[in-house]
Amino acid sequence: MLSLLRTTAAALTLALAALPAHAFDTKATAAYVLDQSTGTVLLAKNAEEPLPPASMSKLMTLYVAFEALRDGRLTLDERLPVSQHAMNYGGSTMFLNTQDRVRVEDLIRGIIVLSGNDACAVIAEALSPDGSEAGFARYMTQRAKQLGMDNSTFANSNGWPAAGHRMSVQDLAILANRLIADFPQYYPLFAETEFEFDGRAPSNTRNRNPLLRLGIGADGLKTGHTQEAGYGLVGSAKQADRRVIFVISGLDSTAQRAEEAEAIVNWSFRHFSQKTIAKADTPVAQAQVWMGSQQSVGLVPAEDLSLLLPVLSDKEVQADVVYDGPLNAPIVKGQQLAELVIKPEGLPEMRRPLVAAQDVPIGGFVVRMKTAASLLIKQFTNGPTGAM
């Protein structure tokens with residue numbers, strides 16, 4: 001139930017019962033939690049700060065590879081050569097050598113499950129504008145900006161420590177969201193818990209994501225660790241109709257990463273629920289109309305309005321219906337006229353469009369004369385503008 005109180009000609013206030021959200025007290029130096037279903041940011045800590053992302057930046061290499069598969073520039077069965085440069089990578093690898101020609105599908109699984117630094121370099125050199133990993137990194141930086149990741153700069157394809165190789169946790173969440181939404185055919189690969197490539201690395205066959213085997217809906221995406229970055233995870237979990245995407249960085253150990261990630265997933269699903277607060281056919285406010293066949297028009301959500309709110313309810317959340325009024329006739333049903341600005345305590349401001357509930361044509365001669373007369377009377381009563 002929405003209760004409305006008129007405040008000005010261009011703003012209305014409504015009340016929604018909800019308890020203020022209590023922010024998760026994370027141990028991570030940077031964290032970001034997004035409810036994908038509603039676009040609600042549940043947690044943001046140092047979210048826009050560019051940080052060393054370690055292997056979590058491999059997600060950008062995967063995104064570019066998936067784009068190439070979609071566009072036909074790569075195929076899953078295509079075999080790619082391994083350069084000396086790719087072979088020289090240490091850390092977590094697939095143990096590739098220059099005698100290999102590796103299927104693209106194996107390289108992708110090797111990046112996701114095994115976190116193969118060498119596999120990233122092979123993909124990078126195949127897709128680079130100039131054939132080099134450095135050229136691919138420059139392209140990744142450019143593509144990231146186009147996707148809205150303004151705090152990301154890449155020096156290589158795999159997150160190997162390098163000056164200037166940076167991503168924010170917010171950018172990593174944007175990237176995870178795009179991977180899930182843009183490439184549903186490939187996203188199930190992130191849930192694979194084991195991949196044995198050619199029997200070469202028996203000690204490196206298991207996915208490092210600590211949540212995949214816990215039965216809490218976790219199905220992706222990528223861990224990361226270097227001495228500079230600490231331990232991090234870009235994760236996602238789905239329960240019922242809700243999906244949560246989260247990023248944590250700067251933790252002290254694999255154990256702390258696992259504990260923090262599980263706690264964030266549980267907090268996100270247990271303490272918030274999706275609620276429909278307004279129906280598309282039910283006006284939430286009336287806006288004044290100038291020179292119309294009627295003096296006001298109903299404002300309704302463009303579609304049923306559902307928001308993610310704290311589960312417990314005993315306090316009002318403020319929201320404003322904002323428009324530049326009075327509105328000029330004619331008005332067409334469905335025309336966007338206003339915004340509903342919702343301000344839950346402890347959560348970021350949310351904005352949703354409001355549209356006209358019905359047509360309002362221009363009024364006839366009598367209406368226009370009455371409006372003009374009313375304006376003249378008002379000016380006469382109030383005096384000229386600026387009068388004391």
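In this chain, residues are counted from 1 in sequence order.
For L127 against A65, the heavy-atom pair with the smallest separation is CD1-CA, 3.9 Å. Listed here is the closest heavy atom pair of S157 and M140: CA-CE, 3.8 Å.
Formation of a donor-acceptor pair under 3.5 Å by the D71 side chain with backbone atoms of R73 is not found in this model. A donor-acceptor contact shorter than 3.5 Å is absent between the side chain of N158 and the backbone of K58. With T29 contributing its side chain and S249 its backbone, the two residues share a donor-acceptor pair below 3.5 Å. Remark: side-chain polar atoms of R243 are not paired, donor with acceptor, to backbone N or O of I180 under 3.5 angstrom. Between the D118 side chain and the L96 main chain, a donor and an acceptor come within less than 3.5 Å of each other. With hydrogens and angles ignored, the 3.5 Å screen pairs a side-chain donor or acceptor of T141 with a backbone N or O of A137. With hydrogens and angles disregarded, no donor-acceptor distance shorter than 3.5 Å links the side chain of N207 to the backbone of A191. Remark: side-chain polar atoms of R257 are paired, donor with acceptor, to backbone N or O of G224 under 3.5 angstrom. Checking side-chain atoms of D320 against main-chain N and O of V341 turns up no donor-acceptor pair under 3.5 Å. In terms of modelled atom types and a separation under 3.5 Å, the side chain of S37 and the main chain of D241 share a donor-acceptor contact.
The neighbour count for R206 CZ, taken as heavy atoms of other residues, nucleotides or ligands under 6.0 Å away, does not exceed 12. Annotation for Q335: atom CD counts as buried by contact number, over 12 foreign heavy atoms lying within 6.0 Å. Within 6.0 Å of atom CD in Q227, 12 or fewer heavy atoms from other residues, nucleotides or ligands are found, so the atom counts as exposed in its surroundings. With a 6.0 Å radius and a threshold of 12 heavy atoms from other residues, nucleotides or ligands, K145 has its NZ atom above the threshold.
Distance check, rounded to the nearest 0.5 Å: CG of L62 to CG of L179 gives 7.0 Å. With rounding to the nearest 0.5 Å, the separation of CG in L74 from CG in L107 is 9.5 Å.
N151 and Q170 form no side-chain donor-acceptor contact under 3.5 Å, judged by distance and modelled atom types alone. Side-chain contact of T75 with D77: a donor-acceptor pair under 3.5 Å is absent, judged by distance alone. A donor atom on one side chain and an acceptor atom on the other are found under 3.5 Å apart for K222 and S115. Checked by atom type, the side-chain pair E260/Y231 shows no donor-acceptor distance below 3.5 Å. Looking at Q239 and R242, their side chains never bring a donor and an acceptor atom within 3.5 Å of each other. The closest side-chain donor-acceptor pair between S55 and R208, if any, does not fall under 3.5 angstrom.
Ion pair R200/D198 flagged as a salt bridge, since at least one NZ, NE, NH1 or NH2 atom sits closer than 4.0 Å to an Asp/Glu carboxylate oxygen. R143 and E67 are joined by a salt bridge, as a carboxylate oxygen and a charged side-chain nitrogen come within less than 4.0 angstrom of each other. Checked for salt-bridge contact, E262 and R213 miss the test: no charged N lies under 4.0 Å from a carboxylate O. A salt bridge is defined here as a Lys NZ or Arg NE, NH1 or NH2 lying under 4.0 Å from an Asp or Glu carboxylate O, and D182 with R70 fails to meet this definition.
Ring centroids of Y63 and F66 are separated by 6.0 Å or more, keeping the two rings apart.
A 4.5 Å side-chain heavy-atom check between V33 and F24 finds every atom pair outside the cut-off. Here the side chains of P301 and L354 are in contact, with some heavy-atom distance below 4.5 Å.
The aromatic rings of F136 and Y139 lie tilted to each other, with the angle between the two planes from 30° to 60°.
The side chain to side chain donor-acceptor pair (under 3.5 Å) pairs that include a residue from residues 41-53 number zero, where partners must be two or more places apart or lie in different chains.
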